[in-house]
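Some notes on the structure that comes next.
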Amino acid sequence: MTSIEPALDSDRPAMEGLLAGSGLPLDGLGAAMPTAVVARGETGVVGCAAIETYGSAGLLRSVCVAHDLRGTGLGRRLVGAVEALAAAHDIVELYLLTDTAERWFPRLGYRPTTRASVPPELTASPEFTSACPESAAVLHKRLNV
Ligand SMILES: CC(C)(COP(=O)(O)OP(=O)(O)OC[C@H]1O[C@@H](n2cnc3c(N)ncnc32)[C@H](O)[C@@H]1OP(=O)(O)O)[C@@H](O)C(=O)NCCC(=O)NCCS
């Protein structure tokens with residue numbers, strides 16, 4: 001049984017291991033830990049998702065599932081849980097950058113948008129300025145709050 005729970009600071013090394021194993025950026029993860037969730041299975045942390053907060057906007061990042069558990073619905077559950085956490089922090093607009101899952105996030109209600117429409121606080125974040133290439137897709141979702 002895999003449960004989805006708010007991330008603890010002690011989960012960070014395991015989260016970084018997952019992210020590094022999928023080539024996802026680690027920069028900025030520390031600041032996003034208060035609004036991060038993990039999937040906990042028998043072997044420990046098997047998935048994660050996090051949000052960097054910028055007022056009423058958030059950057060969804062670090063969505064990752066252990067290789068052997070992909071395709072079991074864990075990714076969808078993680079995003080649902082981190083969206084609920086975001087809403088509890090009064091975040092209304094979520095943005096994300098991806099060059100690996102631009103066809104997966106639309107299944108969860110995210111729609112492509114332009115970099116020009118992203119709030120400037122987010123475009124100054126490490127993911128926008130350095131971690132993700134200029135070619136990465138930008139997607140947006142308005143949460144129902
Ligand atoms: C993207 C990711 C989080 C999805 O997690 P998951 O637990 O496999 O997703 P779910 O089980 O909820 O959904 C599985 C479905 O999505 C599809 N899917 C999974 N990853 C996909 C991707 N990158 N692009 C398009 N479709 C994808 C699967 O084929 C499956 O389709 P089906 O239901 O028709 O069989 C996972 O593949 C992952 O960790 N990828 C590496 C990290 C990454 O790219 N993260 C996103 C950038 S922040």
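As the structure lists them, so they are numbered: ligands from 1, and atoms in each ligand from 1.
Close approach of ligand 1 to Thr72 (heavy-atom distance below 4.0 Å) involves ligand atoms 11 (O). Those atoms of ligand 1 that come under 4.0 Å of a heavy atom in Arg76, given as number and element, are 12 (O). Contact atoms of ligand 1 toward Thr98: 47 (C) (distance under 4.0 Å to a heavy atom of the residue).
The protein heavy atom nearest to atom 26 (N) of ligand 1 is Trp104 CB, 3.9 Å. Of all protein heavy atoms, the one lying nearest to atom 23 (N) of ligand 1 is Thr100 O, 3.0 Å. For atom 3 (C) of ligand 1, the nearest protein heavy atom (residue, atom name, distance) is Val63 CG1, 3.8 Å.
Between Ser22 and ligand 1, a contact under 3.5 Å exists for no N or O pair. At a 3.5 angstrom cut-off on N or O pairs, Ala101 does not count as close to ligand 1.
A salt bridge is absent between Lys141 and Glu93: the closest approach of a Lys/Arg side-chain nitrogen to an acidic carboxylate oxygen does not fall below 4.0 angstrom.
In this structure the side chain of Glu16 never reaches within 4.5 angstrom of the side chain of Ser62, judged on heavy atoms. In this structure the side chain of Ser56 never reaches within 4.5 angstrom of the side chain of Asp90, judged on heavy atoms. Using a 4.5 Å cut-off on side-chain heavy atoms (C-beta onward), Leu94 and His140 make no contact.
With distances taken over non-hydrogen atoms, the option nearest atom 36 (C) of ligand 1 out of Glu127, Arg70, Arg103, Arg77 is Arg70.
Only the side chain of Arg107 comes within 4.0 Å of ligand 1, judged by heavy-atom distances.
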